[in-house]
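Worksheet: the structure to be examined is printed underneath.
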2 protein chains.
Amino acid sequence: MADRPYPHGNLRAALLEQAERTLREQGLDQLSLRELARQAGVSHGAPRRHFADRQALLDALAEAGFARLGAELREAVDAAGSDYEARLRATAAAYVRFAVHDAALLELMFAGKHREQQCGALHDAADRAFAVILDLIEQGQAGGMLERGDPERVGLLLFATMQGIAALVSAGLVDTDLVDGLVADAIGQFLHGPRALA
Amino acid sequence: MADRPYPHGNLRAALLEQAERTLREQGLDQLSLRELARQAGVSHGAPRRHFADRQALLDALAEAGFARLGAELREAVDAAGSDYEARLRATAAAYVRFAVHDAALLELMFAGKHREQQCGALHDAADRAFAVILDLIEQGQAGGMLERGDPERVGLLLFATMQGIAALVSAGLVDTDLVDGLVADAIGQFLHGPRALA
DNA sequence: ACCTGAACACCGTTCAAGT
DNA sequence: ACCTGAACACCGTTCAAGT
């Protein structure tokens, strides 16, 4: 209740930031435009100037989520050593970390219900996150660590596997202490095929 | 507006059935207890006798969703021929079909927010769906089509991959005409390793 | 045992009015 | 250009009362 970090002119950013925090700490159900306005110290009609309706805010959150996911994946790759399997593993681990830390946000990012309008921006943000994986695939193929093949197809498969593991974890269908093993299995299978699991 | 198919005594089943339809046709946002009560021809307080609150209804929907998913996977396996790769492919195709037909329901099934109470029943239903995949893995290992290895770990990986593909499709991040290829890639990679993608 | 109906607090959205 | 504040329709939840 001290000074507002956004005295003015930044209402849109303030709403998004607080919304992301609420989403993380209390879930989508508790995310209300009126409460966000209250926390920002403006009237309940004010957010309308920046977001046409609640869904527009959710779309913007999802877009920002993909941007941040892409950045975190990129960081993980860059921080990993030169060993290719370690780079893959670090990427997958970063993905799962994001999924655990921002489960509700990830749900929102993959929620089917998105506006046609924002859908373009959302799709672009998702593509930029996917580009990290794509780069990794091309790098692996160039270095001979991965078989040749359409990088997009191979990358989509890796992307899907990571998202699937994230979903199982977020849903609580797999115990958290099994996650690391599952990620390792996924990367091993991806690189070396079924015999990696034997 | 004709006769109610549930004159009485089946309110719980009627609510669940209508809720699943609304979820499919209009999405989670449009699912309201009051509207369900209206469609069932009862007062808005009546559902409370069968579901403590809205979340309890959603939990029940998710549980029923896993039960149906399991049944549809089982049917797909049984309807497929004896060729093992075809059986795997049919299972994955059935999963994606479910995801496309009931995207909002699948979202609900994997939504983190589930009650402790219902969580047991939900987990059991999910386990029964997973059992179909587990059987398939054990069958593949016994027949020599799959490498040996903890069937649970191998099965989880396949489960995650299917869920990941489903998520990408539901989110609209991959065009529907690429789905079949992606499923084929996933199964090929799962059975034969990376060289299947070259 | 199951349902009704009034009540309460809250929400998203709209819009005329202010600065 | 941006925000206010009253208004409207709708919702989830509670609870005393009915049968």
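Lettering of chains follows the sequences in order, A, B, ..., and the numbering in each one begins at 1.
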Does the B/Gln141 side chain pair with the main chain of B/Gly149, one donor and one acceptor, at a distance under 3.5 Å? yes
Do the side chain of A/Gln189 and the main chain of B/Gly193 share a donor and acceptor less than 3.5 angstrom apart? no
Pair A/Tyr84, A/Gln139: side-chain N/O donor-acceptor within cut-off below 3.5 Å: no
Filter on salt bridge (charged side-chain N to carboxylate O under 4.0 Å, His left out), then keep only pairs touching residues 67-77 of chain B, sequence neighbours left out; what's left? B/Glu20-B/Arg68, B/Arg68-B/Glu72, B/Arg68-B/Asp102, B/Arg74-B/Asp135
Dot-bracket line, read 5' to 3' along DNA chain C, where crossing pairs take [ ] and | marks a partner on another strand, Watson-Crick or G-U under 3.5 Å: ||.|||||...|||||.||
Go through the steps for A/His114 and A/Gln55 under the test side-chain contact (heavy atoms from CB on, under 4.5 Å), then give the verdict. CA-CA 8 Å; A/His114 289 296; A/Gln55 186 58 45; 4.2 Å; yes
Counting primed atoms, P, OP1 and OP2 as sugar-phosphate and everything else as base, the B/S/- map of nucleotides 6-17 of chain C against protein heavy atoms under 4.0 Å is BB---SBBB---
For this output row, return yes or no: ring centroids of B/Phe110 and A/Phe110 closer than 6.0 angstrom. no
Are A/Arg89 and A/Glu85 ion-paired here, with the side-chain N under 4.0 Å from a carboxylate O? yes
